[in-house]
Amino acid sequence: MNHVVIYTDGACKGNPGPGGWGVFLQSDGHEKELWGGERNTTNNRMELTAVIEGLAALNRPCRVSLYLDSEYVRKGITEWIHGWKKKGWVTAAKQPVKNAELWQRLDQLVHGGPHQIEWHWVKGHAGNPGNERADALANRGVPS
């Protein structure tokens, strides 16, 4: 199984407002950059989209080390999602889960997909080269 290192980040100019997502992938000495954005979105949607796009870019089963600076995404997919699914996509406060369609897509890629994923939280804007690169890509993706 190939090992892939993925850094993801989201950016938003206003929340909501124009936003972008960025992904930096590394494997066996190769690098790939992905980015995109939406005109009216939120930072959380862009953080989720970055992880979805990064995992969706993998063409075969991989061992993935995924680095992100969003505790919302990391905790959401590793902890909270199990309760949301049991409760029919409703939170503990009995409110609909925000961004449910993105969580469902991410759930399919993570829990229904062929990859072995290790989740790593990194502090944003703290000099981590991979995170800084993903941040720059996310900002590139913000529509002007």
Side-chain angles (χ1 to χ4, degrees), residues 1-13 15-93 95-126 128-143:
M1 221 181 223
N2 278 4
H3 179 238
V4 178
V5 176
I6 302 176
Y7 287 88
T8 67
D9 203 8
C12 210
K13 308 302 181 193
N15 200 16
W21 55 267
V23 181
F24 174 54
L25 301 99
Q26 297 173 297
S27 182
D28 294 327
H30 300 283
E31 296 180 349
K32 186 173 186 174
E33 297 178 332
L34 305 169
W35 65 89
E38 297 177 13
R39 294 209 175 279
N40 188 27
T41 190
T42 65
N43 189 66
N44 283 343
R45 288 186 67 81
M46 293 296 90
E47 295 281 1
L48 277 162
T49 300
V51 176
I52 290 166
E53 293 292 339
L55 293 173
L58 303 176
N59 295 322
R60 59 182 174 265
C62 296
R63 193 168 49 83
V64 178
S65 296
L66 201 148
Y67 294 85
L68 67 169
D69 62 11
S70 171
E71 284 285 64
Y72 169 72
V73 175
R74 189 185 67 80
K75 285 187 176 182
I77 196 62
T78 62
E79 298 174 24
W80 307 331
I81 197 163
H82 308 294
W84 294 338
K85 288 165 56 172
K86 283 182 191 171
K87 294 177 182 146
W89 295 97
V90 174
T91 66
Q95 297 297 314
V97 172
K98 290 182 181 176
N99 305 311
E101 76 286 357
L102 293 176
W103 285 114
Q104 290 164 358
R105 176 74 176 118
L106 184 57
D107 181 44
Q108 183 180 39
L109 288 165
V110 172
H111 299 117
H115 311 300
Q116 296 174 1
I117 303 169
E118 295 173 359
W119 298 88
H120 303 277
W121 180 82
V122 295
K123 184 175 171 74
H125 311 287
N128 179 297
N131 179 257
E132 296 294 336
R133 193 146 166 198
D135 179 66
L137 293 167
N139 280 294
R140 185 185 300 177
V142 177

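Being a predicted model, the structure only gives us computed values, none of them experimental. Start at 1 with the first residue, then count along the sequence.
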message: Can you tell whether the side chains of K85 and D107 come within less than 4.0 Å, N to carboxylate O?
response: yes
field: Where V4 and C62 come nearest, the two heavy atoms and their spacing
entry: CG2-SG, 3.8 Å
query: Given side chains that start at C-beta, do those of V97 and V90 come closer than 4.5 Å, heavy atoms only?
result: no
query: Between W103 and Y72, does a ring pair (Phe, Tyr, Trp, His ring centres under 6.0 Å) hold up when you go through it step by step?
result: CA-CA 11 Å; W103 285 114; Y72 169 72; 5.3 Å; yes
query: Minimum heavy-atom separation for G19 to P143, with atom names?
result: O-CD, 3.3 Å
task: Kindly indicate, with the supporting measurements, whether the criterion side-chain contact (heavy atoms from CB on, under 4.5 Å) is fulfilled by D9 and L68.
output: CA-CA 6 Å; D9 203 8; L68 67 169; over 6 Å; no
- prompt: What is the distance from atom CD1 of I81 to atom NZ of K86, rounded to the nearest 0.5 Å?
  reply: 12.5 Å
- request: Please round to the nearest 0.5 Å and tell me the distance separating atom CG of N15 and atom OG1 of T42.
  value: 5.5 Å
query: Tell me, do H120 and S65 make a side-chain contact under 4.5 Å, heavy atoms counted?
result: yes
query: Quick one: CD1 on I77 to CD1 on I117, what's the gap to the nearest 0.5 Å?
result: 8.0 Å
- prompt: Between L25 and H30, is any pair of side-chain heavy atoms under 4.5 Å apart?
  reply: no
message: Nearest 0.5 Å, please: how far is CD1 in I6 from CD in Q26?
response: 10.5 Å
Chi angles and distances behind the side chain to side chain donor-acceptor pair (under 3.5 Å) call for H3, S27: CA-CA 6 Å; H3 179 238; S27 182; over 6 Å; no
query: When the ring planes of W84 and W89 are compared, do they come out parallel, tilted or perpendicular, using 30° and 60° as the limits?
result: tilted
- prompt: Does any non-hydrogen side-chain atom of T8 lie less than 4.5 Å from one of Y67?
  reply: no
statement: Here the pair of heavy atoms bringing P16 nearest to N40 is CB-OD1, 3.7 Å
task: Show your working on side-chain contact (heavy atoms from CB on, under 4.5 Å) between D135 and H125 and close with a plain yes or no.
output: CA-CA 8 Å; D135 179 66; H125 311 287; 3.5 Å; yes
Would you tabulate the side-chain donor-acceptor contacts of residues 46-61 under 3.5 Å, counting partners in other chains and residues two or more places apart, or write 'none'?
{"unit_1": "E47", "atom_1": "OE1", "unit_2": "G10", "atom_2": "N", "d": "3.4"}
{"unit_1": "T49", "atom_1": "OG1", "unit_2": "R45", "atom_2": "O", "d": "2.8"}

message: Is there a side-chain contact (heavy atoms from CB on, under 4.5 Å) between N99 and N44? Walk through the geometry before answering.
response: CA-CA 8 Å; N99 305 311; N44 283 343; 4.2 Å; yes
task: Quick one: closest heavy-atom pair of L34 and K32, and the distance?
output: CD2-CE, 3.7 Å
query: In terms of side-chain heavy atoms, does N131 have a donor or acceptor partner in K123 at a distance below 3.5 Å?
result: no
- prompt: Below 4.5 Å, heavy atoms only, C-beta onward: do R133 and E31 meet side chain to side chain?
  reply: yes
query: What's the spacing between H115 NE2 and M1 CE if we round to 0.5 Å?
result: 8.5 Å
task: Give a yes/no verdict on a cation-pi contact between R74 and W119, requiring under 6.0 Å between NZ or CZ and the six-membered ring centre and an angle within 45° of the axis.
output: no
task: Would you give the length of the straight line joining atom CH2 of W21 to atom CG of L137, rounded to the nearest 0.5 angstrom?
output: 9.0 Å
